[in-house]
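Working notes, beginning with the structure itself.
Here is how names work: the chains are called A, B, and so on, in the same order as the sequence lines, proteins then strands, and each is numbered from 1.
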Amino acid sequence: MTSVSADPSSKRLSFVVLSVLVLAALIPVLLRRPASENRVVVYCSHDSIFADAVIRRFEDRTGIEVDVRYDEEANKSLGLTNLLIAERDNPRCDVFWNNQTLGTIRLKEHGVLASYSGPGYARIPAAFKDPDGLWAGFAARMRVYIINSNRLPLPANIVGNHAATEAFDLEAVESLLDGKSIDSVAIAIPLFGTTLSHYSVLAAEWGLDRLRAWHQSLHDRGIREARGNGGVKDLVAEGACTVGFTDTDDAFVALQQGKPVRMIPVRLPFSGDAAKDKPDRQRQTIVIPNSVALIAGAGHPQNAKAFIDFLLSEEVELLLANSTSRQIPLGPVDDTKLSDEVRRLMNWAKDGIPLQNAAGENQKVLNWLSSEYTVQ
Amino acid sequence: MTADDAIFCSAVRSLIVCVLSLLPARLLWWQITTSRSDSRKACWLAASVAPFFVPELLTGFTWRIVSARLVHSDTATELLYGLLLLCRAVSVAVIVMLVVPRSGVSDEAIHSWKLLRAGLRHHWKLHLGWSVSMLRLMVSGPWRPFVIAACLSGLVSFQEFETAALMQIDRHPITWTVWLFDAHAKHQPLARSLWLSASPLMLEILLLLPVLWLWSPEDSAEQPNTREAGLLNSGRMPSGNRLSTLAAASWLVVSLCLFLAWPVLSNTKPLLLGLKMLWTATAMVSQSLEQIAVSLGFAFAASVLAMILATLILRILKIRSNGWKPVALLLLLPGLLGSLVTSIGLLAVFQTPRARLFYDSWLPMLLGLTLSILPRAFLIVALLHRMFDAAAWHSAVLLSASGDPQVRGLGAKIRWRLRGIRWIAAGTLLVHWCYWDVTTASVLRPVQLEPVVTRLYNEMHYGRTEAVLLITVLAAVAPWLLGGICWCVARLARI
C-alpha cells in the first residue's frame, strides 16, 4: 500500500473530516440552551408523556426553565436513584420527582435529600410525607390485578354493578391464585419499580420468611414473569394470561387501547388464622404515591422549592388525576372536578397501607431478591 | 440462573446462529455477485443487508407482543429470538463475504497439495502433518470468507441486548447481556460487573482472533471476494442455479417479512394516524427534530472520532516494534465489554474530582459512544485499508493531474469509487450504530440534551401510539437523510 499522506487530495480529505468533526461536535453545543440562573434541574422517573404537561405548565406560570432528565421504563432502578447516589458529592440535580416512594426513602438514608416543608408539603396528609420534610408524596397509583375479560367473563347479571363485579373478581382471582397451576397469572420481576415496593409491603406485613415462601410457591406453580408492569399489561391484554399484578396507570393504558381488560385492587391475601385475627385488614390496598424531594446541595434551591410547591399543589394533583394515567389525589381537592373512575380509585385508596414499615424492609427484600435472581 | 448459565446459553445460541447463517449468506452472496445488471445487483444487496439496519430496539418493540403471546412455550420464544438473530447474522455474513479480500491461495496450490496425499497413506505422522497443512490452506484460502463471516456474525449475536430485553418473559430468551443489566440494577459494584464481563470478553476475543489473523497486514492487498463473478463472465455457470435463486429469494421473503413487512403491517393504522400528526402536532415534531439533531450530532462526531482513532490504532499495530501497541489494543477493550459497562465506568470516571468539571457536558457521552463503537470502527477501517488498491489509486491520481478536463474528471470519478464512497458508507454505518445506542445515551447524556433514542424508549412503554410511531419514523429516516446529504456533498467535493 502506498502512503497517501503526501497526496494533496489526502490533505483535503483530512481537512474535510476535521471540519465535519468540529461541526458535529458543535451541534450539541449550539442546540444547548444558554445556561440560565433562572432554571431548575429535575430528575423525573414519572412517565414523560404525563410529566411533560406539568413541567410545561410550571414553566409558563413562573418563567423558570426546567431541564428535565427522565428515567427509561426498562431501566428504572438502574437510572435515577443510583445516579443521584453517584452524584451525591457533586449534585447537578435540584429536585427528584420519583414515581414511587420507597426509592426516595432510600435516598434519605444515603443523605442525598434536604429538608423543605413549604405550603405544598402542608396540604399533604401526614401518612404520605416524611415528618422531617425530606420528601412528600402526591398523586398516587395503586397495585391492581388486571384481568382479561374474555378469559374471565363476568356473569351477565352483575355487569354494571361495581360492588358485585369487584366481589366476583376478587373471589375469582384468589381462587386462581390458590390453584395448583398459575401459569395464566403474570407478575413483573420484583427487582424493579413498584413490584419491588409491593414485595416490601408484603415483607412488612408478613415478615421476610413468609414472603419468601409465597414467592417460591408462585414460582413452583408456574407464574409468568415479565420485565416490567407494561409487560404484564401486554400479557393480559393480549390474552396470553388471565390475570396480572400491575399498576393502575398500566391498566388504564390497556383500557384506552380498547383491550378487553378490567381491574380490581390487590388485597393482601391473608389466609387461615391471620385472616381471622385481622378481618378489617383484609380490605387493605397498596397505594404507591409519587414523591418529590429537594436535593442536598442543589444549585438552584429557590427555584427547586417553587417547583416542589407546584407539584404538591391541588392544581397538579387534579391535572394528573384527569390525565390518562388517572393518578389518585392524596391532598384535599375539589372532587367535582374528578371523573367517576378516579373517585372509585379514591375509595379504594382509603384502605391504603402506610408505607413507612415497608421502607424499612426495602433493602432486605432487595438483598434477598438479588441473590435469588442474579446468582453469581 | 447463574452468570455462567446465561453466558453458556448465549454462546451456544450464537454458535448455532453463526453456523446456520453461512448457507443463506452464501446463497445471497452468490446472487449479488453474479447478477448481470446493476439494478438487479442493488436490489439483492439492499434486501440482503436490510435486517442489519433495522435497529435492535425497534425489532424488540415490534416483536414483544408476539413474544407475550408465546409465553406458554419457552422453546417458541427462544426460536423466535433465534430466528431474528439469524436474519441479522445472515446480513452480517453477506456484508463480510462481499468485502473480505479474495483468497491468496490459488486453486492450483490446493490441487497440488491434494496430489501429495497419495504418497502419504502408510505414514500416519506425515499424513497428519499433511492434514493440518491442508486445513491451514483451506482456512486461509477458500474457507476464509466463511470463517470471518461466521466469527463476526457470532460476535454480533453474542452481544445483542435490546431485542432480548424487550422480548424477555420468564427469563427467556436467556442472554448474558440482560443478566448483567439486572445485576447492575440491583446496585452491583462496577468492579464486580467488570469481573463478570471477563468471561464474555474472552469469548469475544476468541471470535475476533481468527478475523485479525486472516486479515493480517502481512498479506498482500487483494480484491474483494468476487471470484465467482469472474466464473460467470467466463461462461461457467454452477449447477442448480435456479434452485439456489429460489432458495435465496425464499430466505429474503422470510427475512423481510420479519424485519419490515410485519412491523409495518401490524402498525399501519396508528402509523398513518401518526403521519397525519406531522401537520397537527407541530410542537412535538419540532421537539423531536431537535432531539434527532442532538442524536445525529453525537453519533456523527463519535463516528468520525472512532474512525480517526481506528486508523491510528491500525498504523500503530503495523509498526512491528512499537511500544504503543498495548495501549492501542487497550482502547479496543471498553467497546468489547459492551455499552453498559463502558458507560457506567465512564460515569464513575467523570465523578472523580479532576474530571468533574466535564461531568454535565457533552464530553462523557461523546467519549462513551466513541469507545463503544471503536472495535467495530477498527474492523471497518482495517477492512477499508485491505480493500484499498494502491496501484489503481496511483493511476487515478495521475489521471487527476492531467491537463485534459475530461481525463481529470475521469480521475476524480475513479478516486471517488476507490475511496470516497467506501468511507462514506462506513461512516454512515457507524453513525447508525451510535445513533441507536440507547444504553450509552441514557447513562451519560447531559441534562440539557436529550437524544431521540432515550425519548423513544421511554414512550415505547405506552405501546403503539401514533406519537411513538411518528417519532420512530422521523428518527429512522433522519440518519439516512444525513448520509444522503454527505454523499452529495462528498461527490461535489470530488473526494
Side-chain angles (χ1 to χ4, degrees), chain A residues 1-2 4 7 9 12-13 16-17 20-21 24-25 27-29 31-33 41 47-49 67-75 77-79 82-83 86-87 89-90 92-93 183 186 189 191-192 224-228 230-231 234-235 238-241 253 257 366 369-370 373-376, chain B residues 1-3 64-65 68-69 71-72 165-166 168-171 179 181-188 196 221 290 293-294 296-298 300-301 304-305 308 347-348 351 356 359-360 362 366 385 388 390 393-394 397 400 415 438 442 446-449 454-455 457-463 493 495:
Chain A
M1 187 187 300
T2 55
V4 290
D7 179 2
S9 70
R12 195 168 62 181
L13 175 66
V16 171
V17 166
V20 165
L21 176 65
I27 289 174
V29 180
L31 283 171
R32 188 176 179 148
R33 279 172 283 166
V41 179
D47 297 308
S48 60
I49 58 169
D67 291 324
V68 59
R69 177 170 180 149
Y70 290 109
D71 220 348
E72 276 69 55
E73 167 62 17
N75 197 7
S77 298
L78 180 68
N82 282 359
L83 191 61
E87 292 177 354
D89 298 330
N90 181 35
R92 64 177 167 183
C93 170
D183 66 353
I189 295 175
L191 275 172
F192 315 107
R224 301 295 174 187
E225 257 187 357
R227 288 192 63 74
D234 287 338
L235 282 168
E238 296 301 321
C241 287
V253 169
Q257 289 172 339
L366 190 56
L369 288 171
S370 299
Y373 279 83
T374 50
V375 183
Q376 292 166 18
Chain B
M1 184 196 306
T2 65
R64 78 190 202 291
I65 297 290
R69 289 179 187 148
V71 68
H72 297 287
L166 283 161
Q168 195 181 59
I169 300 166
D170 277 349
R171 305 186 206 182
W179 190 97
F181 177 90
D182 287 349
H184 263 298
K186 59 102 177 170
H187 319 130
Q188 175 174 268
L196 287 170
E290 190 179 311
V294 168
L296 278 178
F298 275 113
F300 207 39
V304 176
L305 256 179
I308 291 171
L347 186 76
Q351 273 291 307
R356 205 174 276 169
Y359 179 57
D360 195 22
W362 47 269
L366 182 63
H385 278 265
F388 186 73
W393 178 258
H394 185 65
V397 170
S400 303
R415 284 162 62 197
V438 65
S442 65
V447 168
Q448 282 187 297
L449 297 171
T454 56
R455 175 79 180 193
Y457 200 53
N458 210 353
E459 305 266 352
M460 278 178 174
H461 171 51
Y462 292 94
I495 292 172

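- Here CZ of A:R227 is found 10.5 Å from CZ of B:R171. Values are rounded to the nearest 0.5 Å.
- Partners of A:R92 according to the side-chain hydrogen bond (donor to acceptor under 3.5 Å, both in side chains) rule, which considers only residues two or more places apart in sequence or in another chain, are A:Y43, A:E87, B:D360.
- In terms of heavy-atom proximity, B:A68 sits nearest to A:A240 at O-CB, 3.2 Å.
- The residue among A:I189, A:L369, A:D183 with the most heavy atom pairs within less than 4.5 Å of chain B is A:D183.
- Here the closest non-hydrogen pair linking B:W179 and A:Y373 is NE1-O, 4.0 Å.
- Contact detail for A:R224 and B:D170: the closest heavy-atom pair is NH1-OD2, 2.7 Å.
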